[in-house]
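When a ligand or atom number is given, it counts from 1 through the structure's own listing order.
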Amino acid sequence: MIRILRRTAMMLALATPALAQTYPSQPVTLIIPFAPGGPTDALSRIMVEPFSRELGGNVVIENVGGAGGTIGANRVATARPDGYTLMLHNIGMATAPTLYRRMPYDTLTAFETIGLVSPVPMTWIGRPDFPANGFAGMLAYIRERGDRVNVAHAGLGSASQLCATLLQAQMRQAVTTVAFRGTGPVFAEVMAGRIDLVCDQTTSTTPYITSGRVKAFAITADARLPSLPDLPTANEQGTPFEVTVWHGMYAPRGTPRVVVDRINAALRATLRDPRLIARMAELGTAPEPEARVTPEAHRAFLEAEIARWRPILTAAGEYAD
Ligand code: ASP
């Protein structure tokens, strides 16, 4: 018995370097746990070409939206840990564990963290005919109309839902929230006037704002962005309100360390690509500093973020839906 175990261990040890040389030998699926057209999808689409090149294989994006990203994340948590199923997800990885009474997976044990990718500010935008201007105007309108104002988000545990929750808690005023499978499908609803407001990352809102197809009220960063120079921060309009959405890449727990390291090396090289950096800047973001693009830094940050958001979201309880 001991001999069999020893032989299995030896075979695994021999197989691991070989795996490092042959990986990837088939297409790699990158799960985006939100609908197409949203910011997580947009980030993945500008990354996929350099990432495929650096990984030396074909990376295929698959959108698995719903339940604030937890359906797509569960697909990854239960996938074979062979490096052929990866995920790009956002800050929702850290908020969902507090928001859901029961999760289909344990965020801290179900995944290998690969590295942090990029921090992205959010913007409050609304329908083109929204009858108020500026962040103060938007807040006054919400105060006056209360739950007759509808605010879209991408489900419990999404970045947009976090942003909507924080605003309601800060105002002590409930609105009516409407959940979508991602914020991608929200833009058509906002432009058609069926949704009043949404808070979404600049990676998807920038083209809508610059072309004037939506009304923009504030950016949730600490300073204006060169890509949206006319959009003032919430802070400079007199109401402090800052949210930054971070993104990270994941693999199922048990993915061999050599494969995790290969993916991490490809991710780090991708984030040094000057064309990608330029495209990111146009959308209001930039790569994380290299020291944060490691499995260890990502895991430590994920743990810290879960701990940071737990008391905030517990206190915001009645607005977290
Ligand atoms: N922005 C979305 C969120 O609220 C996700 C997406 O559609 O990419 O997390």
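- Contact residues of ligand 1 (protein heavy atom closer than 4.0 angstrom to a ligand atom; sorted by chain and number): Phe34, Gly38, Pro39, Thr40, Asn90, Ala154, Ser158, Ala159, Ser160, Gly182, Thr183, Asp200, Gln201.
- If you take CZ on Arg253 and OG1 on Thr109, they are separated by 6.5 Å, rounding to the nearest 0.5 Å.
- Checked against Pro295 for a side-chain contact (heavy atoms from CB on, under 4.5 Å), the options Met249, Arg257, Glu112 give a single hit: Arg257.
- Between Arg279 and Glu282 a salt bridge is recorded (basic side-chain N to carboxylate O distance below 4.0 Å).
- Counting only N and O atoms by type, the side chains of Tyr84 and Ser25 include a donor and acceptor under 3.5 Å apart.
- In terms of the side chain to side chain donor-acceptor pair (under 3.5 Å) criterion, Asp147 has no residue partners (sequence neighbours excluded).
- The one candidate from Asn133, Ile125, Leu197 that meets the side-chain contact (heavy atoms from CB on, under 4.5 Å) condition with Lys215 is Asn133.
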